[in-house]
Amino acid sequence: MRLKRFISVADVAAPTELVEEVIQLKKNKFQFNQLGLEKTIALLFFNPSLRTRLSSQLAAKLLSMYDMVLDVNHGWPLEFGLGAIMDKDRSEHVQEAAAVISQYCDLLGIRSFPSLTSQKADYSEPVLNAFETYGSKPIINLESATRHPLQGLTDMVTIAEYQNTTRPKIVLTWAPHPKALPQSVANSFTAWCLAMGHDLTITHPEGYALDPQITQGANIEYDPAKAYEGADFVYAKNWSSFEQYGQIISQDQRWLVESTKWAVTNDANFMHCLPVRRNVVVADAILDSSSSLVIQQANNRTFAAATVMKCILQHMNT
Ligand code: CP
């Protein structure tokens, strides 16, 4: 498959085919090791990362592509305001930075979290859009204000590897967390599940509904006990409120993923994108059990990233 860019699942004409390409690449991870020769990827991190950073660097290596990493906010904070009078701490505007970085690379990966103060601003994806406008290279979204498509692709691969029925019941459950977190993982998991035609139930407390434009087609269940019934996969994730944007409106520990709830599942697999707060989001008994797929998910990040880079390089070669 050829990809022009990878901002969200909407950039993928056939999501099921892309999942299959990841599975095939994983079987022989060096099969495209000539494709990235003499190519460079710049990886810009406006926010910290363990998995995305290391798996993206490793993915570039599988394709023999050179990678450059820049920690933007710690090393070189950028101004984004159009017409800004730049008399404070930011010494470079994204207008020049995006154009300059585009001279140094063939692909551009960007991680940039939301402000969680303005729904309108965050959902307009200002950082990705600025690099698309002022840069000139294909962008891979390494988790933006509202999407984490590499995680979504990875999760679909992991489900494909472990499903033992043709249409498993998949549950996305909100879980408590002490910090206000983005909606990006939950949005992308939902969008990918629906694009793949999966049977998805989302369960969360009142006030935690995700963007209805994204969840259209999913079952919504406010009672977690009902949602868990017969589940084949339970994916836990905290997100801050979309309606009361960016707010923590519940830390109810009854939403912890634990063994009592698990008893009514169909011997479900547990999934989480990591990092995860033990015994706040999920009990040790579930996370440390053979049901947990979190390490397998993290492993698949490398192959998802390599496949996306491969598909963009193949598009550039046509
Ligand atoms: N799941 C995920 O994106 O992890 P990092 O924040 O460590 O990259």
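Remember, it's 1-based here, ligands and their atoms both numbered in the order they're listed. Residue indices begin at 1 and follow the sequence shown.
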Enquirer: Are Asp232 and Lys169 within salt-bridge range, i.e. N to O under 4.0 Å?
Expert: no

Enquirer: Under 6.0 Å from the ring centre and within 45 degrees of the ring axis: does the NZ or CZ of Arg53 meet both conditions for the six-membered ring of Phe45?
Expert: yes

Enquirer: To the nearest 0.5 Å, tell me how far Asn317 CG sits from Gln314 CD.
Expert: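 That separation rounds to 7.5 Å.
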
Enquirer: Which protein residues have a heavy atom under 4.0 Å from ligand 1?
Expert: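 Heavy-atom contacts below 4.0 Å: Ser49, Leu50, Arg51, Thr52, Arg111, His148, Gln151, Cys273, Leu274, Arg301.
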
Enquirer: Okay, side chain of Lys137, backbone of Ser102: is any donor-acceptor separation there less than 3.5 Å?
Expert: yes

Enquirer: Can a salt bridge be assigned to the pair Asp288 and Arg278 using a cut-off of 4.0 Å between side-chain N and carboxylate O?
Expert: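 So Asp288 pairs with Arg278 through a salt bridge.
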
Enquirer: May I ask you to list the residues sharing a hydrophobic cluster with Leu54, side-chain cutoff 4.5 Å, ordered by chain and number?
Expert: Leu50

